[in-house]
2 protein chains.
Amino acid sequence: MTKNSTINTKEKIINAAEKLFASMGFLGTSLRAIVREADVNLAAIYYHFGSKEELFIVVVKRVAQPIVREQLRQLKILEESEKLPSIPEVLTAFVTPPLRILQQGSDESRIHAQFMGCCRTELHPVQKKAEQEFRSTQQRFLYILTKVLPEKSPQELKWKLDLIVAMLVRTLNQIEESEMLSAHNSVENIDEFVQHLVTFISYGMSY
Amino acid sequence: MTKNSTINTKEKIINAAEKLFASMGFLGTSLRAIVREADVNLAAIYYHFGSKEELFIVVVKRVAQPIVREQLRQLKILEESEKLPSIPEVLTAFVTPPLRILQQGSDESRIHAQFMGCCRTELHPVQKKAEQEFRSTQQRFLYILTKVLPEKSPQELKWKLDLIVAMLVRTLNQIEESEMLSAHNSVENIDEFVQHLVTFISYGMSY
DNA sequence: GTCTATAATTCGATAGAC
DNA sequence: GTCTATCGAATTATAGAC
């Protein structure tokens with residue numbers, strides 16, 4: 001069937017692109033390197049995606065969407081609860097979904113994590129496109145934080161949440177050398193690491 | 001005098017390179033763009049620096065050295081004190097020198113800050129070269145932290161300090177949009193921001 | 001949908017005159 | 001030290017056959 005081969009080609013390109021973007025960055029990855037890795041023809045990229053930039057956006061969306069969806073799901077649970085959530089509860093809902101990628105331990109998930117971190121440290125002009133995928137969710141977490149911590153100015157909560165994102169990105173990028181997770185990188189210890197991280201940032205959030 | 005014009009050409013190149021690297025990254029900046037900005041000849045870069053990569057390293061060193069020197073100076077004061085320093089004291093000595101760049105408020109210092117943050121989010125292979133300029137200093141701060149917090153494992157202190165660096169880098173990179181410093185960006189309020197940041201991370205460091 | 005071939009541009013780097 | 005001119009290779013993107 002024609003459709004099957006198309007899907008395979010498209011996915012092969014996306015997989016190869018994600019892997020190379022994650023380790024070499026947007027500018028450091030040539031379309032020729034991608035087609036070599038994916039074992040497809042150069043023109044196939046233009047047929048399926050139109051340009052290098054649009055391919056990048058497709059990769060970002062594929063990685064970001066399940067994470068954002070899970071963040072919003074956990075946020076919704078907190079919002080629908082009768083009592084006001086605690087700071088650690090909010091922050092756990094925020095940081096757990098992206099860190100969950102690591103739990104599988106497969107090569108594929110390692111690449112997801114690395115790309116997820118890498119795409120947010122990109123520059124001109126693709127950085128804006130990546131940011132866009134996370135902005136509204138981050139906004140919603142910021143909103144609930146203003147409810148939990150009404151005595152803090154929204155500006156302060158905003159830059160603190162922004163620094164938490166920076167830590168998250170760094171954690172995801174560090175998977176390679178990952179001395180960070182050396183004591184936590186086994187599957188069952190990811191939750192323990194998440195707890196450590198949440199504790200770390202929760203105290204700073206309150207004071 | 002020949003020497004003067006040489007120095008001027010060299011410095012013109014370094015200044016232009018720092019500015020462009022800071023906003024477009026290493027791969028996003030062409031040598032032709034640098035010579036256009038610096039108003040010098042293309043071949044001058046090769047005469048004075050040898051290659052694009054070596055030029056990048058020179059820029060990194062120029063920005064990093066005064067900051068590292070100041071970090072070590074403040075660390076030495078703490079080490080020579082009779083009593084064991086507190087966590088906020090150690091962290092203040094660590095984060096103040098890089099954030100001090102912002103205090104001047106000039107265009108020049110804004111570029112320094114932006115490059116300082118940007119060069120640490122670079123990829124292949126220049127990232128390693130940039131890291132190298134900060135590694136030994138970070139190691140020394142890590143060492144004193146193990147003395148201040150002997151009940152914490154060195155691994156844990158290492159990744160926490162690493163996350164603090166990530167926050168620092170993010171803060172420096174955010175200068176452009178800088179809603180983060182919107183309430184703090186006046187010259188006299190930098191110290192106030194430093195205090196906020198140190199408080200933020202100190203609590204997380206202890207628990 | 002997939003392929004070959006190639007256009008059009010840009011890049012880092014070098015040779016050699018002055 | 002500074003310049004012009006250029007090499008050789010790589011890049012994104014497209015045209016057109018199948």
Side-chain angles (χ1 to χ4, degrees), chain A residues 1-60 119 122-130, chain B residues 1-60 119 122-130:
Chain A
M1 208 204 227
T2 318
K3 185 147 185 221
N4 263 335
S5 72
T6 299
I7 290 180
N8 285 339
T9 297
K10 248 182 127 165
E11 284 189 351
K12 271 158 66 180
I13 292 171
I14 297 177
N15 289 334
E18 181 184 355
K19 177 176 175 179
L20 295 177
F21 283 150
S23 67
M24 315 284 284
F26 180 76
L27 291 177
T29 302
S30 71
L31 295 180
R32 286 175 153 82
I34 292 174
V35 302
R36 206 179 308 129
E37 172 81 22
D39 194 31
V40 299
N41 190 275
L42 174 62
I45 290 184
Y46 293 96
Y47 176 79
H48 287 289
F49 303 97
S51 73
K52 184 182 181 182
E53 203 169 310
E54 289 175 81
L55 170 59
F56 182 82
I57 295 171
V58 169
V59 177
V60 170
C119 75
E122 284 286 348
L123 292 168
H124 284 48
V126 290
Q127 173 218 30
K128 301 287 181 188
K129 305 301 179 78
Chain B
M1 209 205 229
T2 317
K3 186 147 184 220
N4 262 334
S5 70
T6 299
I7 290 180
N8 286 338
T9 297
K10 248 182 126 164
E11 283 189 351
K12 271 158 68 181
I13 292 171
I14 297 177
N15 290 334
E18 182 183 356
K19 178 176 175 179
L20 295 177
F21 284 148
S23 67
M24 315 284 284
F26 180 76
L27 291 177
T29 303
S30 71
L31 295 181
R32 287 173 161 83
I34 293 174
V35 302
R36 207 180 306 128
E37 172 81 23
D39 193 33
V40 298
N41 190 275
L42 175 61
I45 291 185
Y46 292 95
Y47 176 79
H48 288 288
F49 302 97
S51 73
K52 184 183 183 182
E53 204 169 310
E54 290 175 81
L55 169 59
F56 181 83
I57 295 172
V58 168
V59 176
V60 170
C119 75
E122 283 287 348
L123 292 169
H124 284 48
V126 290
Q127 172 218 30
K128 300 287 180 187
K129 305 300 179 83

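A note on names: the letters A, B, ... follow the listed sequences, proteins ahead of strands, and every chain is numbered from 1. Since the structure is predicted, the reported quantities are computational estimates derived from the model, not experimental observations.
The distance from atom NZ of B/Lys10 to atom P of D/dG1 is 8 Å, rounded to the nearest whole Å. In this entry the distance linking CZ of B/Phe49 with C1' of D/dG1 reads 13 Å, nearest Å. Straight-line distance from the CG atom of B/Leu20 to the P atom of C/dG12: 12 Å, rounded to whole Å. When rounded to the nearest whole Å, the span between CD of B/Glu54 and P of C/dG12 equals 14 Å. The distance between atom CG of A/Asp39 and atom C1' of C/dG1, rounded to the nearest whole Å, is 16 Å. Here the P atom of nucleotide D/dT6 and the CG atom of B/Leu31 are 20 Å apart, to the nearest Å. The nearest whole Å value for the distance from the CG atom in A/Leu27 to the C1' atom in C/dG12 is 15 Å. To the nearest angstrom, C1' of C/dC18 lies 14 Å from OH of B/Tyr47.
Checking the phosphate oxygens (OP1, OP2) of C/dT2, a side-chain nitrogen or oxygen of A/Thr9 falls inside 4.0 Å. An OP1 or OP2 oxygen of C/dT4 is reached within less than 4.0 angstrom by a side-chain nitrogen or oxygen of A/Asn41. Under 4.0 angstrom from either OP1 or OP2 of C/dT10 there lies no side-chain N or O belonging to B/Ser30. At C/dT14, none of the side-chain N or O atoms of B/Tyr46 fall inside 4.0 Å of OP1 or OP2 (strictly under the cut-off).
Of the candidates D/dT4, C/dC3, C/dG1, C/dG1 carries the atom nearest the A/His48 side chain, counting heavy atoms from C-beta on. When distances are taken from the side chain of A/Ala43 to each of C/dT2, D/dA15, C/dG12, the shortest belongs to D/dA15. Here D/dT6 is the nucleotide among D/dT6, D/dA13, D/dT11 with the atom lying nearest to any side-chain atom of B/Arg32. You'll find that the side chain of A/Leu42 is closest to D/dA13, out of D/dA13, C/dT4, D/dT11.
Across B/Ala38 and B/Lys12, no two heavy atoms sit closer than the pair O-CE, 3.1 Å. Closest approach of A/Ile45 and A/Val35 over heavy atoms only: CD1-CG1, 3.6 Å. Nearest heavy atom pair, residue B/Gly25 against residue B/Glu122, reads CA-OE2, 3.2 Å.
Under the 3.5 Å distance criterion, the side-chain polar atoms of B/Lys52 are matched with a main-chain donor or acceptor of B/Phe26.
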task: Please report the C-alpha distance between A/Phe49 and A/Ile14 in whole Å, then the side-chain angles of each, then the deciding distance to 0.1 Å, and finally whether the side-chain contact (heavy atoms from CB on, under 4.5 Å) criterion is met.
output: CA-CA 10 Å; A/Phe49 303 97; A/Ile14 297 177; 3.6 Å; yes

